[in-house]
Every structure is written in structure tokens, then in C-alpha cells.
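Have a look at the structure below before the remarks.
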Amino acid sequence: MKAIAFRGVGDVRVETVPDPKIVAPTDVVLRITTSAVCGSDLHQYHGRGGALVQPGAVMGHEFMGVVEEAGPEVRKVRPGDRVLAPFSVSCGRCEWCQRKLPTQCTTTERAVFGGRWGHVWPGGQAERIRVPFADHMTEPVPAGMSDEDALFLGDILSTGFFCAENGGIRPGDAVAVFGAGPVGLLALQSAQLFGPARVFAVDRVDYRLALAAEFGAEPVHLDRGDPAEQLRRLTGGRGPDVVLECVGHETPFTQAIQAVRAGGTVSSVGVYVEPSLGFPAREAFFKDLSLRMGICNARNYMAPLLPLVQGGKLRPARIITHTMPLGEAPKGYAIFDKKEDRAIKVLLRPT
Ligand SMILES: [Zn+2]
Ligand SMILES: [Zn+2]
């Protein structure tokens with residue numbers, strides 16, 4: 001089959017790799033209908049984070065498709081069913097899965113499709129994929145729901161919602177979202193469900209801030225000075241009640257702590273590539289702030305968020321700017337990485 005293989009820093013290629021097969025009786029093989037390039041694929045692409053996959057590894061952890069083959073012990077889905085899967089691979093049975101922390105699954109050694117967190121599992125930027133523990137891992141997609149609406153439940157929509165939920169937003173709050181990339185934009189959409197009075201989006205890319213404004217945010221442009229100062233000015237000197245950090249670097253993390261009001265909450269879902277950060281602990285301490293951070297256990301969110309997408313309360317497909325054939329993935333990575341051609345979210349379609 002055709003797949004997107006990692007070949008080195010800044011180098012992903014279209015290659016022919018062996019077709020995936022059923023290995024365990026609980027596996028399914030999906031024929032992928034849509035996949036996407038994620039911001040965390042770019043960490044791999046740039047060799048950031050010190051944990052590269054081996055050359056030749058199939059990339060991608062956002063995918064969905066149709067069950068082509070199911071192992072004899074699979075009960076939940078049948079060949080022909082359209083399904084989603086989360087970005088991380090989990091068993092559903094170990095202590096961590098039972099604690100609803102499937103990203104910590106010890107059975108799979110914290111595997112992620114197409115990437116490094118723990119173990120590496122062949123990814124979804126391909127024509128087919130093997131999904132293990134299918135009764136636990138797959139979520140059927142309702143008839144009539146488009147791939148564009150369903151796909152992001154497996155990663156970035158769930159992550160954005162998790163970020164907003166961890167913020168503990170209360171009706172009437174002022175909320176600031178750092179980063180107007182795909183996750184930030186979906187955190188912003190999710191934040192609106194909790195009834196904030198005002199939402200601010202912090203970024204330096206004009207076309208991304210314009211889309212954030214469409215989702216009801218007031219833009220805070222990084223080129224116009226320190227965002228913490230701008231946010232304090234915009235909130236009568238006090239700072240936002242909740243800051244959602246969706247970038248994953250030391251500077252926005254620090255600025256989030258500086259911006260939030262006393263007693264407020266900083267919720268962070270940016271994937272940090274640095275092993276440690278300079279943390280303004282003294283300021284955080286004297287502000288009595290709450291800090292939540294972590295990798296989203298997307299498996300827990302796929303089913304609960306599905307009706308919110310079906311009902312139009314969440315509109316994840318609005319962030320899609322490009323849909324390309326799988327064979328053009330190297331170009332998709334490049335424009336997403338360089339923010340060319342007003343790219344926000346790139347989908348890939350195996351033909
Ligand atoms: Zn991702
Ligand atoms: Zn497990």
C-alpha cells in the first residue's frame with residue numbers, strides 16, 4: 001500500500017510498504033478514508049523532542065476509515081462499518097485504562113500511532129492501518145456524519161475540549177486562548193460551550209486570528225506587545241479568569257501564568273518538546289493559581305462529543321483549509337509547517 005514514511009528531519013516521503021494484516025484476534029484493519037497532519041507530527045518532522053521514530057516509520061495519528069477485516073474476537077464492529085480511533089493505542093483492560101487514562105496504557109507501552117510517546121505503532125497517513133483492541137479502540141461513526149466532522153474527535157477536538165474543561169470556565173468568565181492553530185481554535189470553540197462573557201485569542205498569524213474572531217474571540221496580536229499586559233488592559237487590569245495554553249513552549253506558558261488573574265486557572269495542552277521549562281513558580285504561588293496540564297485521553301471524549309458536533313454546537317470542519325491526495329502529503333507538511341497558503345488544517349485522502 002501507499003503510505004507516508006519518515007525519512008529524516010524535514011523529509012517525509014510517499015512510499016510503498018507492506019499491507020497491514022490481522023495479527024491478534026482482537027484487531028481490525030481499516031481502509032482509511034481520511035487522515036490529517038497534526039501539529040505534533042511537525043515535532044517529529046523537525047526532529048524536536050529528542051524522540052524520533054525510525055526512518056521508514058509510517059506517520060500520522062489522525063485517521064478514520066471503514067473496517068475492511070475484523071479478527072475473530074471483535075464484537076463491536078463488522079467489515080463495512082465506518083469508525084474512528086483515538087491517537088494513542090490502548091488495551092482497555094490494564095490498570096491505567098481502567099482508571100480512564102488510556103494514554104498511560106502499560107499493555108501497549110503508551111503507544112501512539114505514527115509517533116513517539118512510548119512505543120511506536122504504524123501510523124494513519126496511509127491507505128490502511130491495523131487497529132488493535134478494536135472493541136475498546138474504535139468508535140462507530142453515525143450514518144450521514146461526514147469524515148470532516150468526525151475525524152478530529154480522535155485527537156484535536158477532544159484535546160481542545162479537554163483543555164477548556166480543565167480550565168473550569170464558569171458563565172461570565174473572561175478566557176484567553178494562547179495559540180490560534182488547530183488545537184487552539186477548537187479549544188476556543190469548546191470554551192464557548194461553558195458560557196464565558198469574553199474570549200481572547202492570542203497569536204501572531206493574522207489569518208488564524210481572523211478565524212478565531214469568527215468563533216467569537218477578540219484578537220490579541222503578539223506583534224502589539226506583551227500579551228499578558230494586553231490581556232490585563234483588556235480586562236480592566238485584572239487578567240482573564242482562565243488561560244488555555246495551546247502552543248507548548250516556555251514563552252507562552254510563562255505568559256499564560258503572567259496573564260491569568262489571582263486565583264485563576266491555567267490549562268495547558270501544548271505538546272512540550274523541552275524536557276523542562278523555566279517556570280515562574282513564585283508568581284504562580286503568590287497568585288494562588290491552579291495549573292492543569294496533560295496529554296488528552298481522547299478515547300474518553302469521542303462518544304460524548306459526537307452529539308455536540310452533530311448538533312452544530314462544535315464545528316470542527318471549519319478549520320480545514322486544505323484537502324489533498326495522500327500522495328501530496330510532503331507538500332501538505334511543508335505548507336502547514338511554514339503557514340503558507342493560509343494553511344490551518346490539512347487533510348489527506350488516499351485515492
Ligand atoms: Zn495530534
Ligand atoms: Zn491499557
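Order of listing sets the numbers, starting from 1, for every ligand and every atom in it. When reading the values below, keep in mind they use all heavy atoms of this one structure, side chains included, and skip hydrogens, waters and symmetry mates. All residue numbers in this chain count up from 1 along the given sequence.
- Between R13 and D11, at least one side-chain N (NZ, or NE/NH1/NH2) sits under 4.0 Å from a carboxylate O, which counts as a salt bridge.
- Classified by interplanar angle (parallel below 30°, tilted 30° to 60°, perpendicular above 60°), the ring pair H61/F87 is perpendicular.
- Ring planes of F113 and F63: perpendicular class, angle over 60° (limits at 30 and 60°).
- The angle C91:SG - the Zn ion (ligand 2) - C97:SG amounts to 110°, with values rounded to 10 degrees.
- Note: angle at the Zn ion (ligand 1), from NE2 of H61 to SG of C38, is 110° (rounded to 10 degrees).
- Seen from the Zn ion (ligand 2), atom SG on C94 and atom SG on C105 lie at an angle near 110° (rounded to 10 degrees).
- Aromatic pair Y272/F253: centroids less than 6.0 angstrom apart.
- For D155, the nearest N, O or S atom to the Zn ion (ligand 1) falls under 2.8 Å.
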